[in-house]
Amino acid sequence: MDIKNRRDTSRILICSAWPYGSGIPHLGNLIGCLLSGGALTRYYRLRGYETLHVSGTDAHGTRIEYEAARTGVSPAKLVEQVHSQILEIIKTFDIAIDNYTTTESPVHKEFVVDIYRKMDANGYITTAEEERVYCTICNRFLADRLIIGRCPKCGSERAKGNQCDACGVMLEPEELSDAKCSFCGKGMVVRKRTRHWYLDLEKLSPKLRQYIASRNFRGNVKLFAGQMLEDGLRPRAITRDLEWGIPAPFVGAEGKVIYVWAEAALGYLSATIEHFRNQGEEEQWRKFWFGDDVKQVYPQAKDNIPFHAIIFPAQLIASGEGYHLPDQIAASEYLNWIGGERFSKSEGKGIYVDEAIKLLDPEYWRFYLLYDRPETHDVNFSWAELDRVINGILIDNISNLINRVLSFIERNYDGIVPSGKLDPKVAERLKVGIMEYGRAMEAGSIAAAARVVASLAVFGNEYFQQKRPWQTNDPQGVIAGFHLVKAIAVLLQPFVPRFSTAILTRMGASQGTWDEINIIAGGRKISSESFLLAKIDVAELERRYNEMKNQVG
RNA sequence: GGCGACGUAGCUCAACCGGCUUAGAGCGCUCGGCUCAUAUCCGAGAGGUUCAGGGUUCGAGUCCCUGCGUCGCUACCA
């Protein structure tokens, strides 16, 4: 297992990757960070850990500066809008999080400046001059990809300075003919000398090696990090010639900002500090960043791995503060659109969160996204799969079992759970299921844990069917059925919290605690409130989705 | 171009460091059963030369080589 034994720590810090503030996230973005982090947070809380979940809107960088210019607002305004939209999403999706902040927070800016001064003082920051592309009309440096021109290979007019999307060839800005700046749409793109500051990853690599070796990362994380170390680390530029961002605190770096990826991840610390400062007990943040009585978990999508497995730990090490380093990178693959295409707002592909909310209650999306969380490979969205997961698994199997047991108790036992001995076979099956569930969650495999819950429901249906209490009047099947269904309700909490709470309330267990699983509930009165989830009509959804897309386009 | 991952039943996927001697599961399909339950549930069955070709091994889906196909990364997008 790539985590410490559960008994080793009493504290869990969940650090979800920071959604980028350039626009509303799509379903793939959501499952890649906050939704996964929220589910893990609920799991660890359920198990009684002192759990803190932090994240925020990644507010800086080239893309935002560009997007803001394109839409005619200030970067600050754009980010503010997106940030408040994400806060709304967190509410409607019931995402359990303690502090969702932004990298515009004063606490963050102060922290970043401070830690860079330390890295500098410790000799891990170097500087060098280089040539970068520059627009003489806008008077600004440009990222290579913000140069647009004609591809020398295929002739496409939309080739970017780093790569041509049409034919896939890698390019240098000079290779484009008729190169134009994306901001002003004019020519006059030249090379200009500029000084930048670097984090000396090369110097840090022995310590990074040691760190990577100590963590037993799995899958893509191990692969990516291993590959980078094997290729050899070079110093990496941590400043940019932009206006929008955190001013670089180095002598001679006036007018430059810290590269967005060189500060966003530091937000995990600043968000923790901010959280406890708001609580009026600031020093408590140290509990989550020093010593060994904490396990840090980082839910994210695979494109974030190099930054979290290499660069972020490198910064922490370079600070010399002795911070606790990331323990688990719970990286997911991508959720792609139908047929394996990437989500794209401009091309009208995929479902963005604002659209998702209009189509379906977020509780359904939660279950679909967490159940199909891309853990071993990319997953393609399909309406048929949504149908299968929601109607086939959540409703026809899990919810149906709960309903058939509860309504049976209501009709045949006056709503009182019959007393009696629990079939050891059922107790054993449940024990195994719970063990697998916990192991999966603690390995960051949320989808695997969801499948365990579903398999318990399958077992429950088989068992209930076999006992056929409606014929035999034997209460054993009912006793076991209720016990199983109660456990399932608790295990569902990280996935569908509202549904789980509704069922537990109906079962006379308003406190959805982990201990509820083991209570033998004979004699308990159940309520008759409705908890059923309506089935979804996927054909209708698809029709409304297309309608929605046509209106926009 | 360089590096890497993947390619298993109609579909979506399992199979930890090569080994529970007939490669598993769900969906779909065929047949049967139940009727407590949101037409929900249970059982049985058909269906695969594990992309192709070669090699290592007592033994390979699992390791090596070649080819084909899909995808990702290539450090100034995040």
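Side-chain atoms are counted along with the backbone in the values below, which use heavy atoms only and exclude waters and symmetry mates.
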Applying side chain to side chain contact (heavy atoms under 4.5 Å, CB included) to Leu199(A) and Gln315(A), what does each step give before you reach the verdict?
CA-CA 8 Å; Leu199(A) 177 61; Gln315(A) 295 170 323; 3.8 Å; yes

Given that both distances must come in under 3.5 Å, which nucleotide forms a Watson-Crick or G-U wobble pair with G43(B)?
C31(B)

Taking Asn391(A) for the side chain and Ile536(A) for the main chain, is one N or O donor matched with an acceptor at less than 3.5 Å?
yes

Could you measure between the two P atoms, the one in A14(B) and the one in A9(B), and give it in whole Å?
13 Å

Under the criterion side-chain hydrogen bond (donor to acceptor under 3.5 Å, both in side chains), which of Lys109(A), His108(A), Glu263(A) is the partner of Ser270(A)?
His108(A)

Among C42(B), C77(B), U40(B), the nucleotide that comes nearest once only the side chain of Arg63(A) is considered
C77(B)

Remember a base hit wins even if backbone is also touched, and classify Gly226(A) as base, sugar-phosphate or nothing at under 4.0 Å, heavy atoms.
nothing

Do the side chain of Thr71(A) and the main chain of Glu67(A) share a donor and acceptor less than 3.5 angstrom apart?
yes

When you compare G19(B) with G55(B), how far apart are their P atoms, in angstrom units rounded to a whole number?
22 Å

Separation of atom OH in Tyr371(A) from atom P in A14(B), rounded to whole Å:
13 Å

Whole angstroms only, please: what is the CG-C1' distance between Asp396(A) and C41(B)?
9 Å

Nearest whole angstrom, please: distance from the P of A75(B) to the CZ of Arg240(A).
12 Å

Which value, in whole Å, describes the distance between the P atoms of nucleotides C13(B) and C51(B)?
15 Å

Look at the side chain of Ile395(A) and decide which nucleotide, out of U38(B), U35(B), C42(B), has an atom nearest to it.
U38(B)

Indicate the atoms forming the closest heavy-atom contact of Ala264(A) with Thr103(A), along with that distance.
CA-CG2, 4.2 Å

Just call it for Ser399(A): base, sugar-phosphate, or nothing, with non-hydrogen atoms closer than 4.0 Å on any strand.
base

Qualifying residues under salt bridge (Lys or Arg N to Asp or Glu O under 4.0 Å), relative to Glu131(A), sequence neighbours excluded:
none

Remember a base hit wins even if backbone is also touched, and classify Asp241(A) as base, sugar-phosphate or nothing at under 4.0 Å, heavy atoms.
nothing

Please confirm whether Arg132(A) makes a cation-pi placement over Phe141(A), using NZ or CZ under 6.0 Å from the six-membered ring centre and within 45° of the ring normal.
no

Which nucleotide in the list C36(B), A78(B), U38(B) gets nearest to the side chain of Phe464(A)?
C36(B)

Please evaluate the base of C36(B) for a donor-acceptor partner in the side chain of Arg404(A) within a cut-off of under 3.5 Å?
yes

May I ask whether Phe408(A) stacks on the base of C36(B), given the cut-offs of 5.5 Å between ring centres and 30° between planes?
no

Measuring only the P atom in each nucleotide, how far is C6(B) from G24(B)? A whole number of Å is fine.
23 Å

So what does Asp144(A) hit on the nucleic acid, given a heavy-atom distance under 4.0 Å: a base, only sugar-phosphate, or nothing?
sugar-phosphate

Nearest to side-chain heavy atoms of Trp470(A), which nucleotide of U38(B), C77(B), U35(B):
U35(B)

Suppose you measure atom C1' in C58(B) against the same atom in C73(B); what distance do you get, rounded to whole Å?
41 Å

Counting only side-chain N and O atoms of Tyr259(A), is one of them less than 4.0 Å from OP1 or OP2 of A75(B)?
no

In whole Å, measure the gap between the C1' atoms of C16(B) and U35(B) for me.
43 Å

If we take the C1' atom in both G47(B) and C71(B), what is their distance in whole Å?
29 Å

Among C77(B), A78(B), A75(B), the nucleotide that comes nearest once only the side chain of Ala143(A) is considered
C77(B)

Just to verify, which of Thr126(A), Thr127(A), Asp241(A) counts as forming a side-chain hydrogen bond (donor to acceptor under 3.5 Å, both in side chains) with His196(A)?
Asp241(A)

Of the listed nucleotides (G1(B), G33(B), A78(B)), which one gets closest to any side-chain atom of Tyr20(A)?
A78(B)

Taking CD1 from Ile310(A) and C1' from A78(B), how many angstroms apart are they, rounded to a whole number?
18 Å

Worked verdict on His308(A) versus Tyr268(A) for ring-ring contact (aromatic ring centres under 6.0 Å, His included):
CA-CA 11 Å; His308(A) 287 83; Tyr268(A) 300 125; 5.6 Å; yes

I need a per-nucleotide contact map over nucleotides 4-12 of chain B, read 5' to 3'. Cutoff is protein heavy atoms under 4.0 Å; write B for the base, S for backbone only, - otherwise.
SS-------

Measure from NZ on Lys302(A) to P on C73(B) and round the result to the nearest Å.
8 Å

Out of G72(B), A78(B), U40(B), which nucleotide sits closest to the side chain of Arg342(A)?
G72(B)

Val458(A) side-chain proximity, nearest of C34(B), C42(B), A75(B):
C42(B)

Distance between P atoms of C3(B) and A75(B) (Å, rounded):
16 Å

